[in-house]
Amino acid sequence: MKYEHLVIEKKWQDFWVNNKTFRTPDIDKIDKSKPKYYVLDMLPYPSGDGLHVGHPEGYTATDIISRYKRMRGYNVLHPMGWDAFGLPAEQFALKKKVNPKVGVEECVIRFRGQLQALGFSYDWDREINTTDEDYYKWTQWMFLKLYNSYFDEKENKAKPIEELAIPDSLKGDDITKFIDSQRLAFISESPVNWCPELGTVLANEEVPEQMEKGYTVVRRMMKQWKLRITKYAQRLLDDLDKLEWPENIKKLQTNWIGRSDGAIVKFKIKSNDGKGRDIEVFTTRPDTLFGATYMVFAPEHKLISEIVSDEQKEAVQNYIDEAARKSDLERAELAKDKTGVFTGAYAINPASEIEMPIYISDYVLMSYGTGAIMSVPGHDERDMEFAKKFDLDIIPVVIPQKFKDVAFRKIKSDNGEIIISGKGLEKILNGASKGFLNYCEEVREAKTCFTEEGYSINSGFLTGLTTAEAKAKMIKWLEDKGIGRRNINYRLRDWLFSRQRFWGEPFPLIHFEDGRIKALKEEDLPVRLPNVTSYTTSKTGESPLSLIDEWLNTTDKETGEKATRETNTMPQWAGSCWYYLRYIDPKNDKIFCDKEKEKYWMPVDLYIGGSEHAVLHLLYARFWHKVLFDLGYVNSSEPFNILFNQGMILGEDGVKMSKSRGNVINPDDMIKEFGADSMRMFEMFMGPLEATKPWSTEGIAGLHRFLSRVWRLVVDDRTGELNPKIVSDDPTDEEKKLLHTTIKKMTHDIEDGDMKFNTSIAQMMIFVNELYKVEKISKSVMENFLLLLSPYAPHIAEELWQRLGHTESLAYHPWPEYDENLTKAEQITVAFSVNGKVRAKMSVDADLSEKELEQFAFDDESIKKHIAGKEVVRIIVVKNKMVNVVVK
RNA sequence: GCCCGAGUGGCGGAAUUGGUAGACGCGCAGGACUUAAAAUCCUGUUGCCUGUAAGGGCAGUAUCGGUUCGAUUCCGAUCUCGGGCACCA
């Protein structure tokens with residue numbers, strides 16, 4: 001009987017499902033004396049195309065770990081679910097004129113079938129779907145928690161809104177306004193990408209695609225819900241240290257959060273109308289304040305209308321209008337060429353006391369810092385470009401280290417020794433200081449822009465100091481004068497949390513006619529999506545929900561007052577922010593997850609998914625988890641302890657798989673032709689998990705060949721009986737060494753956590769190749785090998801295990817142990833080299849002394865030849881490895 | 001532009017702390033079995049030079065340089081590719 005993968009794989013998949021082999025018992029039935037291991041996959045979006053070959057890559061890795069940990073005696077939690085809200089399902093629904101859940105159901109059935117066909121050991125009793133009412137009820141519940149919480153700056157954590165201290169000075173509506181301004185979920189007017197032709201708002205990522213199709217996209221202000229993730233910026237940054245994540249992912253998150261240390265500086269604006277006005281700016285380089293020669297405001301800055309001069313009014317208004325029409329993307333694309341307009345107003349530099357003209361330009365962003373900057377064109381490239389274009393003054397105030405000695409040479413004057421700054425020096429020195437003078441001249445002429453740290457010049461009381469010293473001294477000076485302070489800025493923005501779509505979680509909020517907003521109570525949840533058979537998009541940019549009157553119009557349950565529902569829905573990220581908690585307690589209708597169960601299973605021990613989620617999903621989930629932690633709903637401050645990113649699988653041509661290229665590999669075809677076990681093994685054999693690597697159909701055939709070889713080792717091809725080579729004898733010494741070496745290698749490969757399964761598979765191939773060379777195989781050796789193989793190729797392992805006479809599944813059979821002594825070779829090959837070049841190799845007894853090895857080297861004919869007539873200077877002996885003779 | 005990561009045979013990739021470069025697989029070549037083919041099994045496979053042969057020699061881990069008895073591994077510079085961010089003051 002040949003290796004018939006289709007028959008075997010179906011048999012065992014049915015066995016596992018019917019026997020619930022991989023069901024993780026509920027908490028009270030679990031043996032708590034065993035350690036726990038929570039292995040999580042990033043839950044997939046069940047798209048209409050079905051699985052692609054990239055999915056099984058990460059899933060196979062987690063499955064191998066899960067199966068290994070079970071054999072190691074761990075209580076393993078290994079669940080799967082569906083992240084099914086989102087745009088593709090919505091577009092499918094609009095096209096087919098159906099409710100999106102119709103399409104989602106089909107896709108889920110398809111995905112589940114495909115995953116089961118790969119033999120993954122998920123506990124299907126814990127399957128979740130983010131679009132189930134029982135699930136999104138709790139997503140809404142968490143939104144309410146965010147809405148009803150504020151961030152306490154002193155304690156650096158979220159607290160219930162009832163605990164918020166309200167200033168005594170506030171009365172009536174102002175109290176409500178104050179409370180609303182502190183909530184972690186808040187509504188605000190925000191710019192969005194509006195596409196008039198499509199009548200919809202687009203996410204930033206969708207903009208380029210639509211513009212290529214010829215649609216226009218403009219910026220437009222709309223009321224949007226946001227989550228105050230920025231309050232958690234520092235904690236999200238600090239806690240990265242606790243996590244065993246790849247350094248590059250930590251770096252990506254660090255950059256995304258983007259902490260900048262600097263100062264806030266207050267400038268006086270020269271008054272046109274007698275009113276005293278100040279403007280604050282943020283700078284990371286307070287040491288360059290003496291070099292600030294002009295200011296730039298973002299076009300959206302509120303102060304512009306107050307300070308603009310009559311002559312400039314029209315030009316300024318035109319510029320503001322133009323900037324408003326551009327999308328963020330357009331603003332960025334035109335980045336090379338600076339634009340702007342003079343406002344006619346001036347500010348006073350508090351350090352140099354010069355008048356600084358105030359410009360507006362869209363290179364200054366309203367959303368970062370204070371929306372206004374001090375420009376130091378000598379030491380900031382953008383400022384320099386702008387200064388060049390508008391012919392503004394440039395003062396060099398920082399010099400590179402190399403000019404230090406020239407710039408600050410001590411000059412004897414009539415009054416004794418003094419330090420002269422670069423400015424004074426220019427008049428006095430020549431020759432020796434040419435490089436320095438050239439530098440100053442180039443800066444003034446906007447030919448050079450020195451943005452690094454160095455030494456201050458032309459900077460009054462800062463002159464001569466290093467950049468670090470000057471920063472500190474300037475901040476002190478600003479604080480003493482009450483016109484500035486140390487400040488930290490983050491790049492991270494508050495999370496735009498609303499979408500104008502049908503297919504998402506509705507917000508549990510109602511609006512009254514007078515504009516008041518009321519959050520629903522926990523017992524009112526879930527707010528269900530309307531059960532319509534079809535729907536259309538609105539032309540106003542609002543959610544399709546706004547057109548469904550019987551859903552939209554409602555009354556306040558408590559007062560009977562007329563109200564309308566919030567029509568925005570939550571973004572696709574919402575459901576995936578906490579799904580890992582629901583797996584722990586998927587059927588609970590009292591709470592999203594029982595706290596005792598959470599305490600047992602959390603944090604996730606291993607989390608594997610694609611690096612496309614390195615920033616957003618992982619940051620959002622960490623943020624939600626911290627809020628839940630602050631409010632006392634979870635015991636862990638971070639959700640994912642170890643993270644691993646799988647690499648992308650490219651097409652056979654070495655480029656990204658895409659339908660248009662026609663290089664897409666369908667996993668169904670591969671499973672049918674070669675089998676799930678071959679598929680799993682090949683994806684692991686291709687290379688390290690994190691690497692990007694091209695697919696090879698010839699490669700998967702090779703793994704199928706390997707599994708066939710394993711099959712024939714146990715089963716006689718012609719008779720279907722056991723291979724007569726398999727005997728009940730004790731293993732020979734050779735077999736023992738081979739087996740124990742293999743156990744050792746494979747155990748280490750998994751325990752090291754590098755996810756280099758390719759070398760384990762190579763070791764199994766060596767094992768099988770060796771067994772093909774011997775006359776007899778001890779049955780126990782074969783059994784141990786099947787246990788080693790089982791996490792990788794579970795179907796064939798179970799089948800052969802059974803054929804060797806076992807009646808129980810091997811899924812919970814202990815992983816083989818190895819004996820270190822048995823892995824050691826008695827004979828080893830050592831290399832003899834002369835001057836580092838290997839000249840001879842020799843098989844010797846292991847653990848020879850250095851003297852003995854040395855003697856062998858000198859007795860070797862080839863070594864003798866190479867050292868003949870030369871002086872031996874040194875001999876280096878590395879035990880069990882080599883002897884190197886150094887000659888002259 | 002900035003921040004990460006990576007460059008090893010025809011290809012995917014191996015190589016504990018610096019210690020025998022190319023494990024394992026694919027592909028290719030040759031052989032066995034077969035009327036033939038497929039499947040299977042065996043052998044070879046970094047390049048160049050040399051030898052009838054066993055063998056021997058030289059070069060070689062993107063490029064150039066450094067440290068070292070010895071470098072794929074450590075250090076410096078450069079080039080190429082991949083990923084992320086992108087006017088963040």
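By convention in this document, chain letters (A, B, ...) are assigned in the order of the sequence lines, proteins followed by strands, and residues within each chain are numbered from 1. Computed from a predicted model, the values in this text were never measured in an experiment.
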B:G25 OP1/OP2 closer than 4.0 Å to side-chain N/O of A:Asn769: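 For B:G25, OP1 or OP2 has a side-chain N or O of A:Asn769 closer than 4.0 Å.
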
Check the phosphate of B:A59 against A:Lys837, side-chain N and O only, distance under 4.0 Å to OP1 or OP2. Yes or no?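 So the side chain of A:Lys837 is within the cut-off, an N or O lying under 4.0 Å from OP1 or OP2 of B:A59.
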
List the atom pairs, with distances to 0.1 Å, where a side-chain N or O of residues 868-881 of chain A and a protein N or O form a donor-acceptor pair under 3.5 Å, not counting sequence neighbours.
| from | atom 1 | to | atom 2 | distance (Å) |
| --- | --- | --- | --- | --- |
| A:Asn880 | OD1 | A:Asp847 | N | 2.9 |
| A:Asn880 | ND2 | A:Asp847 | OD1 | 3.0 |

Expected output: side-chain [X] to main-chain [Y] donor-acceptor under 3.5 Å:
X        : Y        : value
A:Lys250 : A:Leu243 : yes
A:Lys338 : A:Met384 : no
A:Asp494 : A:Ile229 : yes
A:Asn835 : A:Val887 : yes

Using the [atom1] atoms only, state how far [M] lies from [N], rounded to an integer number of Å.
N     : M     : atom1 : value
B:G12 : B:C85 : C1'   : 31 Å
B:G9  : B:G47 : C1'   : 9 Å
B:A62 : B:G7  : P     : 8 Å
B:G31 : B:C79 : C1'   : 46 Å
B:A23 : B:U43 : P     : 15 Å
B:U72 : B:A59 : C1'   : 16 Å
B:G13 : B:C4  : C1'   : 23 Å
B:G10 : B:U80 : P     : 23 Å

Passing candidate, side-chain contact (heavy atoms from CB on, under 4.5 Å) with A:His866, options A:Val885, A:Val834, A:Asp860: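 Of A:Val885, A:Val834, A:Asp860, side-chain contact (heavy atoms from CB on, under 4.5 Å) with A:His866 is met by A:Val834 alone.
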
Can you identify which nucleotide, out of [options], has its nearest atom closest to the [X] side chain?
X        : options             : value
A:Arg712 : B:C41, B:A59, B:A39 : B:C41
A:Lys2   : B:A39, B:C3, B:C26  : B:A39
A:Glu698 : B:C26, B:C85, B:C41 : B:C26
A:Thr759 : B:A14, B:G19, B:C3  : B:A14
A:Arg705 : B:C3, B:C26, B:A89  : B:C26
A:Phe685 : B:C69, B:A15, B:C24 : B:C24
A:Met765 : B:G25, B:C26, B:C42 : B:G25
A:Asn248 : B:C69, B:U40, B:C4  : B:C4

[X] [atom1] - [N] [atom2] separation (whole Å):
X        : N     : atom1 : atom2 : value
A:Phe682 : B:C26 : CZ    : C1'   : 8 Å
A:Leu619 : B:C85 : CG    : P     : 13 Å
A:Tyr772 : B:A32 : OH    : P     : 22 Å
A:Asp860 : B:G56 : CG    : P     : 10 Å
A:Asn723 : B:C41 : CG    : P     : 13 Å
A:Asp754 : B:G13 : CG    : P     : 16 Å
A:Asn880 : B:U20 : CG    : C1'   : 13 Å
A:His613 : B:G84 : NE2   : C1'   : 15 Å

Could you tell me if the ring centre of A:Tyr294 sits under 6.0 Å from that of A:Phe386?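 Yes, the ring centres sit under 6.0 Å apart.
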
Within the structure shown, what part of the strands sits under 4.0 Å from [X] by heavy-atom distance: base, sugar-phosphate, or nothing?
X        : answer
A:Gly369 : nothing
A:Ile766 : sugar-phosphate
A:Leu252 : sugar-phosphate
A:Thr254 : nothing
A:Val615 : nothing
A:His866 : sugar-phosphate
A:Met686 : sugar-phosphate

Using a 3.5 Å cut-off and no angle test, enumerate the donor-acceptor pairs between side-chain atoms of residues 295-303 of chain A and protein atoms at least two apart in sequence or in another chain.
| from | atom 1 | to | atom 2 | distance (Å) |
| --- | --- | --- | --- | --- |
| A:Glu300 | OE2 | A:Arg219 | NH2 | 3.3 |
| A:Glu300 | OE2 | A:Arg331 | NH1 | 2.8 |
| A:His301 | ND1 | A:Leu303 | N | 3.2 |

Charged N to carboxylate O below 4.0 Å: is that the case for A:Lys744 and A:Glu820?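 Looking at A:Lys744 and A:Glu820, the cut-off is met.
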
Any salt bridge between A:Glu770 and A:Lys773, counting N to O under 4.0 Å?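 A:Lys773 and A:Glu770: salt-bridged.
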
Syn or anti for B:G9, given that syn means the glycosidic angle lies within 90° of 0?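 Syn.
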
Apply side-chain hydrogen bond (donor to acceptor under 3.5 Å, both in side chains) to the pair A:Asn489 and A:Ser260, showing each step before the final yes or no. CA-CA 5 Å; A:Asn489 248 286; A:Ser260 291; over 6 Å; no

When you measure from the centre of the six-membered ring of A:Trp256, is the NZ or CZ of A:Arg622 under 6.0 Å away and within 45° of the axis?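 No, A:Arg622 does not sit over the ring of A:Trp256.
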
Toward the 5' end of RNA chain B, which comes first, A:Asn835 or A:Thr829, by nearest nucleotide?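 Counting from the 5' end, the first nearest nucleotide belongs to A:Thr829.
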
5'-most contact on RNA chain B: A:Met882 or A:Tyr363, nearest heavy atom basis?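 Nearer the 5' end of the strand: A:Met882.
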
Can you list, in residue-number order, the parts of residues 838-846 of chain A that come under 4.0 Å of RNA chain B, counting heavy atoms only?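 Contacting residues: A:Val838, A:Arg839, A:Lys841.
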
So which of residues 738-749 of chain A are in contact with RNA chain B, with a heavy-atom cut-off of under 4.0 Å?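 Result for residues 738-749 of chain A: none.
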
Got a minute to check which stems RNA chain B is part of, using Watson-Crick or G-U wobble pairs under 3.5 Å, three or more consecutive?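 Stem list for RNA chain B: B:1-7 with B:79-85, B:10-12 with B:24-26, B:27-32 with B:40-45, B:46-50 with B:55-59, B:62-66 with B:74-78.
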
With no hydrogens and no angle check, just 3.5 Å: does a side-chain donor-acceptor pair link A:Asn255 and A:Arg491?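 Per modelled atom types, A:Asn255 and A:Arg491 side chains form no pair under 3.5 Å.
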
Assign the ring pair A:Phe767 / A:Phe785 to parallel, tilted or perpendicular, where the plane angle (0 to 90°) is split at 30° and 60°.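 Ring orientation, 0 to 90° scale: parallel.
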
Side chain to side chain donor-acceptor pair (under 3.5 Å) partners of A:Asp749, counting only residues at least two apart: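 Testing A:Asp749 for side chain to side chain donor-acceptor pair (under 3.5 Å), a comparison that skips the adjacent residues, returns A:Lys745, A:Thr759, A:Ser760.
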
